[in-house]
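Remarks on the structure that follows.
A, B, ... follow the sequence lines: proteins, then strands. Residue 1 opens every chain. Not measured: the values here are computed from a predicted model.
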2 protein chains.
Amino acid sequence: MYSIGALSKATGVKVPTIRYYEEIGLIDHATRNAGNQRRYDQAGLERLGFIKHARDLGFALEEIKDLMALNGELGQDCHAADIIAKAQLEKVRARISRLQQLEAELERITHLCEGGSGGTCKVLGALGDHSLCIGDHD
Amino acid sequence: MYSIGALSKATGVKVPTIRYYEEIGLIDHATRNAGNQRRYDQAGLERLGFIKHARDLGFALEEIKDLMALNGELGQDCHAADIIAKAQLEKVRARISRLQQLEAELERITHLCEGGSGGTCKVLGALGDHSLCIGDHD
DNA sequence: CCTAATTGCTCTAGCCACTAGAGGTTCAAG
DNA sequence: CTTGAACCTCTAGTGGCTAGAGCAATTAGG
């Protein structure tokens with residue numbers, strides 16, 4: 001049996017976050033010992049590990065809830081899990097390409113600076129005027 | 001003179017967001033007409049445009065406040081603006097490389113699915129077990 | 001076995017950047 | 001002058017935590 005602190009160390013999920021997950025119903029209410037402290041078993045550890053990994057992969061808590069529900073069903077629904085994962089992949093790709101546009105724009109803007117001060121700052125000018133932009137960021 | 005709705009249309013910033021920006025002190029309290037409605041001039045339009053563009057480039061509201069303060073100073077501090085912009089560029093690059101790791105991992109995971117249901121789902125398995133991962137995402 | 005340090009408990013409030021809704025007032029077109 | 005759109009303020013909610021107050025329980029050392 002793990003205390004909440006031991007669970008936290010084992011999974012890398014912070015203690016208040018574990019309590020938060022319980023509060024919102026992402027994990028079951030933990031059993032308590034005589035002194036009202038939470039105790040977790042191996043299954044609890046694995047579920048939290050699943051959540052941590054999925055969070056690291058950028059899944060929202062709601063999506064994780066869905067994935068865990070699939071996992072609990074008789075005959076896991078691999079197809080549904082795959083659809084959620086593929087949607088996540090698409091989201092990640094969209095974010096990457098948006099960020100790459102920003103990268104290009106910021107690169108251009110920072111190259112405008114000639115290090116001086118006084119007069120008209122081209123960096124500030126470029127930030128203020130979208131029409132000077134090359135790409136269609138946003 | 002623009003109404004708040006006209007300003008919103010002109011800049012693409014939503015009406016409640018403009019009021020929010022005023023509330024937190026990002027923009028000045030607008031002058032009001034006889035009926036207590038906000039009226040904006042050309043300068044107000046430009047400032048909001050600056051904010052919108054900077055937000056689109058991923059700057060935090062606090063950073064934008066700093067940038068606008070620089071803009072207001074006598075002899076704009078180009079160097080300081082450039083430092084803020086370069087820091088932003090670094091943040092964007094870091095986020096891109098992190099997302100690319102996630103992309104690789106999700107790609108790998110979604111390729112595990114053979115479309116079946118029942119039995120052990122490899123997608124769910126991969127999500128649950130970080131030790132199966134190739135890279136070091138997070 | 002006692003004590004002190006650590007860990008645990010609940011509860012409230014705060015973070016960012018908005019968004020939504022209620023319930024009322026003012027403006028602009030016909 | 002009427003009607004409907006746009007405006008006003010105020011409160012509360014979103015996601016995913018984080019911080020702090022003020023206690024109770026556990027655990028390691030002596």
Please tell me if the side chains of [X] and [Y] come closer than 4.5 Å, counting only heavy atoms from C-beta onward.
X: B:Gln88; Y: B:Leu57; result: no
X: A:Gln101; Y: A:Glu105; result: no
X: B:Val13; Y: B:Ile51; result: no
X: A:Arg95; Y: B:Arg95; result: no

Point to revise | Atom of B:Thr11, atom of B:Lys52 and distance for their closest heavy-atom approach | key: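 Where B:Thr11 meets B:Lys52 most closely, the heavy atoms are O-CG, 3.6 Å.
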
Nearest-Å distance, [atom1] ([X]) to [atom2] ([N])?
X: B:Met1; N: C:dT26; atom1: CE; atom2: P; answer: 19 Å
X: B:Lys52; N: C:dA17; atom1: NZ; atom2: P; answer: 15 Å
X: B:Asn36; N: C:dT26; atom1: CG; atom2: C1'; answer: 10 Å
X: A:Ile18; N: D:dG16; atom1: CD1; atom2: P; answer: 17 Å
X: A:Asn33; N: C:dG8; atom1: CG; atom2: P; answer: 11 Å
X: B:Glu23; N: C:dA17; atom1: CD; atom2: P; answer: 14 Å
X: A:Ile4; N: D:dA24; atom1: CD1; atom2: C1'; answer: 15 Å
X: A:Arg19; N: C:dA13; atom1: CZ; atom2: P; answer: 18 Å

Practice item. Kindly point out which of D:dT9, C:dC9, D:dT18 is positioned nearest to the side chain of A:Arg32? Key: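 Nucleotide nearest to A:Arg32's side chain: C:dC9.
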
Check your understanding: Where the side chain of A:Lys14 is concerned, which of D:dT18, D:dG16, D:dC7 is the nearest nucleotide?
Key ->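 Given the options D:dT18, D:dG16, D:dC7, the side chain of A:Lys14 is closest to D:dT18.
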
Side-chain N or O of [X] versus OP1/OP2 of [N]: is the shortest distance under 4.0 Å?
X: B:Tyr21; N: C:dA17; value: no
X: B:Arg38; N: D:dC8; value: yes
X: A:Thr17; N: D:dT18; value: yes
X: B:Ser3; N: C:dC27; value: no

Point to revise | Nearest-0.5 Å distance, CD of residue B:Glu23 to CD1 of residue B:Ile18 | key: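 It comes to 14.0 Å.
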
Review point. Hey, what do you get for OG1 (A:Thr110) to CG (B:Asp82), rounding to the nearest 0.5 Å?
Key: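 Rounded to the nearest 0.5 Å, the OG1-CG separation comes out at 6.0 Å.
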
Review point. Any salt bridge between A:Arg19 and A:Glu22, counting N to O under 4.0 Å?
Key: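 No, no charged N to carboxylate O under 4.0 Å.
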
So which protein nitrogen or oxygen atoms get under 3.5 Å of nucleotides 12-15 of chain D's nitrogens or oxygens?
none

Short heteroatom pairs, N/O only, protein and nucleotides 28-30 of chain C, under 3.5 Å:
none

